Amino acid sequence: MGPGRRLDLGGGDEVVAERQMMPGASWLEVAPKGAESALVLYPKSMMKNWAELKPSIVFVCDDVEKTYETMKANGVTFEGELQKMQWGTFATFLDEDGNSFLIKG
């Protein structure tokens, strides 16, 4: 597909990002034109524990390292350190109710 290409989900959505994660599998972000939020699609076969997983909310940051350090200094609980992957750098954090979210740069 590729960024800017239309994907018909009934609302004029378009591909805003596509990153190969492994041979034959891509991370695909689709969103309505001009939106600041996107829906991420990828094959469940990439996640061995897909049946136990919940939907993810990802906060994209201009400077994920600085955001991570600021949040950590403010007492936010992270499930681990920043991780660098082919598709970006991210970390998972928990809210006060134990729900997990990601920051990504």
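The basis for the numbers below is simple: all heavy atoms, side chains too, and nothing from hydrogens, waters or symmetry mates. None of the values given here were measured: they were computed from a predicted structure.
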| query | Distance from Thr92 atom OG1 to Phe101 atom CZ, nearest 0.5 Å? | reply | 11.0 Å
| message | Using side-chain heavy atoms (C-beta onward) and a distance below 4.5 Å, is Tyr68 in contact with Glu81? | response | yes
| Can you hop from Leu94 to Ile57 via hydrophobic side chains spaced under 4.5 Å? | no
| About how many Å separate NZ of Lys72 and CZ of Phe78, when rounded to the nearest 0.5 Å? | 8.0 Å
| Taking atom CD of Glu79 as the centre, does the number of heavy atoms from other residues, nucleotides or ligands within less than 6.0 Å exceed 12? | yes
| Near Asn99 CG, under 6.0 Å, is it more than 12 heavy atoms from other residues, nucleotides or ligands? | yes
| remark: Residues passing the side-chain contact (heavy atoms from CB on, under 4.5 Å) test with Lys84, sequence neighbours excluded, are Glu65, Thr89
| said: Rounded at 0.5 Å granularity, tell me how far CD in Gln86 sits from CZ in Arg19. | reply: 10.0 Å
